[in-house]
Protein chains: 2
Amino acid sequence: MAKFTVLVADDDQDIRDGIEIYLKNEGYDVLKAADGKEALELLEANDVHLLILDIMMPNMDGITATFKIREVRNIPIIMLSAKAEDSDKIHGLSVGADDYVTKPFHPMELMARVKSQLRRYIQFGTYDGQKKIEVDGLVLDEEAKEITVEGDVVKLTPIEYKITELLMKNAGRVFSINEIYERVWNEAAYNAENIVAVHIRKIREKIEADPKNPRYVKVVWGIGYKIEK
Amino acid sequence: MAKFTVLVADDDQDIRDGIEIYLKNEGYDVLKAADGKEALELLEANDVHLLILDIMMPNMDGITATFKIREVRNIPIIMLSAKAEDSDKIHGLSVGADDYVTKPFHPMELMARVKSQLRRYIQFGTYDGQKKIEVDGLVLDEEAKEITVEGDVVKLTPIEYKITELLMKNAGRVFSINEIYERVWNEAAYNAENIVAVHIRKIREKIEADPKNPRYVKVVWGIGYKIEK
DNA sequence: GACTATCTTAAGACTTTCTTCATAATTACA
DNA sequence: TGTAATTATGAAGAAAGTCTTAAGATAGTC
């Protein structure tokens with residue numbers, strides 16, 4: 001397989017260098033930019049296949065840069081944002097990005113997303129705008145951050161949405177309680193049973209006709225939860 | 001379930017030994033190093049899956065060691081430090097550590113982080129699509145943690161699933177009762193005959209059309225059980 | 001600073017699974 | 001064929017895991 005080139009744009013040099021080390025270990029070529037303007041210049045001068053873009057940068061922020069890039073090219077863009085920033089707002093603004101990761105992130109997770117985006121890029125040749133997932137009568141609209149059951153909009157809280165999103169995007173796969181906690185809260189699971197159980201129950205109350213006999217969010221006793229494909 | 005090997009590098013022997021006890025209790029193999037240099041040597045000579053690294057060490061400190069390691073490998077690194085300052089935390093992570101724990105820490109919290117990192121490492125490192133194993137009409141779906149017989153889903157409990165998984169992944173091989181107990185329960189077998197037999201029986205009840213004349217889970221008299229290839 | 005949403009924690013109820021024990025059935029072999 | 005060793009079975013209490021309720025903590029908003 002030909003080598004891919006990844007452009008990393010972040011104003012923090014430690015983060016740039018850290019990401020570079022991981023990417024090189026995975027066999028990618030790496031270019032680095034300290035701000036959005038520099039990123040655009042490098043993008044024009046080189047054959048770049050994927051872009052990792054911090055939102056907060058001097059000269060030109062990541063969102064503006066994304067708009068500029070999208071006018072010309074369709075390469076995968078992964079956005080980085082600080083956890084402190086309002087993630088909902090960021091998500092809303094970051095239309096045009098293919099994926100986004102909140103800091104602090106686990107390097108291996110970023111690598112996984114890079115791989116996944118490149119796979120998609122290669123496979124479809126271009127980014128496909130499909131942002132709806134459907135399982136049975138349950139629909140997840142990633143752009144509107146909205147879930148509908150048989151056409152009716154259901155109002156979920158951020159955590160409830162993220163759990164449902166995780167289960168729907170991986171429908172059929174069972175997630176242990178710890179896994180759910182780690183992927184939604186983005187921190188190591190420690191006594192997570194109860195809190196996840198409470199949120200699962202809230203989700204069921206909202207999306208299940210009969211929460212006692214759930215049609216979507218099913219328990220796999222002793223292992224975890226899943227939404228059937 | 002393959003065993004994981006964790007390398008603990010700390011100049012304080014009490015801490016090394018303490019962590020070792022907890023790790024072994026969780027079923028991990030443990031290697032120990034007293035400084036960064038020793039850690040690097042052990043890392044080269046052994047198949048290590050995760051590294052717990054103290055920052056303050058003679059010969060080579062944890063941060064330098066992390067740099068060296070990252071030039072070659074992407075394994076999870078958890079850093080230990082006596083300092084609780086935030087700047088250290090960020091520095092440690094940006095330098096390539098995956099997680100960070102400040103002393104004094106609760107051993108179980110460290111264990112939770114070890115588990116969490118290994119989960120990520122496995123999930124993101126080796127993921128390649130659908131994982132299914134088939135033997136005769138028996139199919140094991142590792143993602144759904146589900147087993148189907150001639151297309152029909154069979155509901156197994158965690159222990160039943162693990163036993164079936166062991167036998168299917170090594171179809172054709174005979175496992176003694178003690179071996180099954182040790183690999184599934186992850187502890188030394190002692191009077192395991194009956195309990196394994198009970199679970200085998202439950203499995204047969206669920207996956208065999210005629211439990212008296214089992215088609216899949218066969219006994220090898222005086223030796224153990226197997227599932228034929 | 002009060003109000004509202006949401007999140008977290010705790011405790012007990014409830015359900016499923018695991019283990020144990022007693023006993024029965026099967027196999028190997030003298 | 002008889003006997004000892006091994007495996008199979010049924011039932012019940014113990015243990016583990018999940019669900020539910022409710023109240024306190026926290027964060028965002030006006």
Side-chain angles (χ1 to χ4, degrees), chain A residues 83-92 145 147 154-164 167 174-182 184-208 210-214 216-226, chain B residues 145 147 154-164 167 174-182 184-208 210-227:
Chain A
K83 202 179 184 182
E85 295 157 38
D86 184 338
S87 64
D88 277 348
K89 201 172 282 176
I90 297 300
H91 196 165
K145 285 196 73 139
I147 283 171
V154 166
K155 201 185 152 225
L156 296 183
T157 69
I159 287 185
E160 288 159 16
Y161 177 85
K162 280 186 194 162
I163 293 175
T164 314
L167 295 179
V174 181
F175 288 85
S176 75
I177 285 175
N178 284 345
E179 252 175 316
I180 292 174
Y181 188 86
E182 275 161 21
V184 170
W185 277 258
N186 202 28
E187 52 192 67
Y190 187 57
N191 280 0
E193 285 79 19
N194 204 224
I195 192 164
V196 171
V198 169
H199 284 289
I200 290 284
R201 167 155 172 285
K202 296 274 184 188
I203 293 170
R204 282 181 175 155
E205 273 176 7
K206 291 179 181 179
I207 71 173
E208 301 282 0
D210 176 9
K212 300 261 178 188
N213 288 46
Y216 301 115
V217 182
K218 302 213 164 139
V219 63
V220 181
W221 203 276
I223 299 183
Y225 297 95
K226 71 170 172 182
Chain B
K145 293 270 184 287
I147 283 171
V154 166
K155 206 182 144 219
L156 296 183
T157 69
I159 287 186
E160 289 159 16
Y161 178 87
K162 279 187 196 161
I163 294 175
T164 314
L167 295 179
V174 183
F175 288 85
S176 76
I177 284 177
N178 283 347
E179 219 175 337
I180 291 175
Y181 189 87
E182 274 160 20
V184 169
W185 276 257
N186 200 26
E187 53 189 65
Y190 178 66
N191 277 4
E193 286 77 20
N194 202 224
I195 193 165
V196 171
V198 170
H199 285 289
I200 291 284
R201 174 177 142 258
K202 296 273 187 185
I203 293 169
R204 282 180 175 154
E205 272 176 7
K206 291 178 181 179
I207 71 173
E208 302 282 0
D210 177 9
K212 300 263 177 187
N213 287 40
R215 171 179 167 195
Y216 301 114
V217 182
K218 301 210 165 140
V219 63
V220 181
W221 202 267
I223 301 184
Y225 299 94
K226 71 168 174 181
I227 287 181

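Order of the sequence lines fixes the chain letters, A, B, ..., with proteins taken first and strands second; residue numbering starts at 1 for each chain.
- A salt bridge links B/E160 to B/K206: one of the charged nitrogens lies within less than 4.0 Å of a carboxylate oxygen.
- OP1 or OP2 of C/dC18 has not a single side-chain nitrogen or oxygen of B/W185 nearer than 4.0 Å.
- Contact between A/N178 and A/E193 at its shortest, heavy atoms only, is OD1-OE2, 4.5 Å.
- Scanning for side-chain contact (heavy atoms from CB on, under 4.5 Å) contacts around A/V220 gives A/V174, A/I223, A/K226, with sequence neighbours left out.
- A/E208 CD to A/R201 CZ: the interatomic distance, rounded to the nearest 0.5 Å, is 13.0 Å.
- In this structure, B/H199 places its NE2 atom 15 Å from P of C/dC21, rounding to the nearest Å.
- Separating the CG atom of A/N191 from the P atom of C/dA11 is a distance of 13 Å, rounded to the nearest angstrom.
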* **B/S/- contact track for nucleotides 14-27 of chain D, protein heavy atom under 4.0 Å** => ---BSBBB------

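- Shown here, C/dA5 is classed syn by the O4'-C1'-N9-C4 or O4'-C1'-N1-C2 angle, which is within 90° of 0.
- Residue B/I159 contributes atom CD1, which lies 4 Å from atom P of C/dC18 at whole-angstrom precision.
- Atom CD in B/E208 sits roughly 16 Å away from atom C1' in D/dT9 (whole-Å rounding).
- As the counterpart of D/dA11, C/dT20 is assigned, both hydrogen-bonding distances of the Watson-Crick or G-U wobble pattern falling under 3.5 Å.
- In summary, of the residues considered (B/Y161, B/W185, B/Y225, B/Y181), a ring pair (Phe, Tyr, Trp, His ring centres under 6.0 Å) with B/H199 occurs for B/W185 alone.
- The CD1-P distance, from B/I195 to D/dG10, rounds to 18 Å in whole Å.
- If you take NZ of B/K155 and P of C/dT16, they are 7 Å apart, rounded to a whole angstrom.
- Expressed to the nearest 0.5 Å, how far NZ of A/K155 lies from CD1 of A/I147 amounts to 13.5 Å.
- A donor-acceptor pair is defined here as one N or O able to donate and one able to accept, closer than 3.5 Å; such a pair exists between the side chain of A/R204 and the backbone of A/V217.
- An OP1 or OP2 oxygen of C/dT16 is reached within less than 4.0 angstrom by no side-chain nitrogen or oxygen of B/T157.
- Between B/K218 atom NZ and C/dT27 atom P there is a gap of 14 Å when expressed in whole angstrom units.
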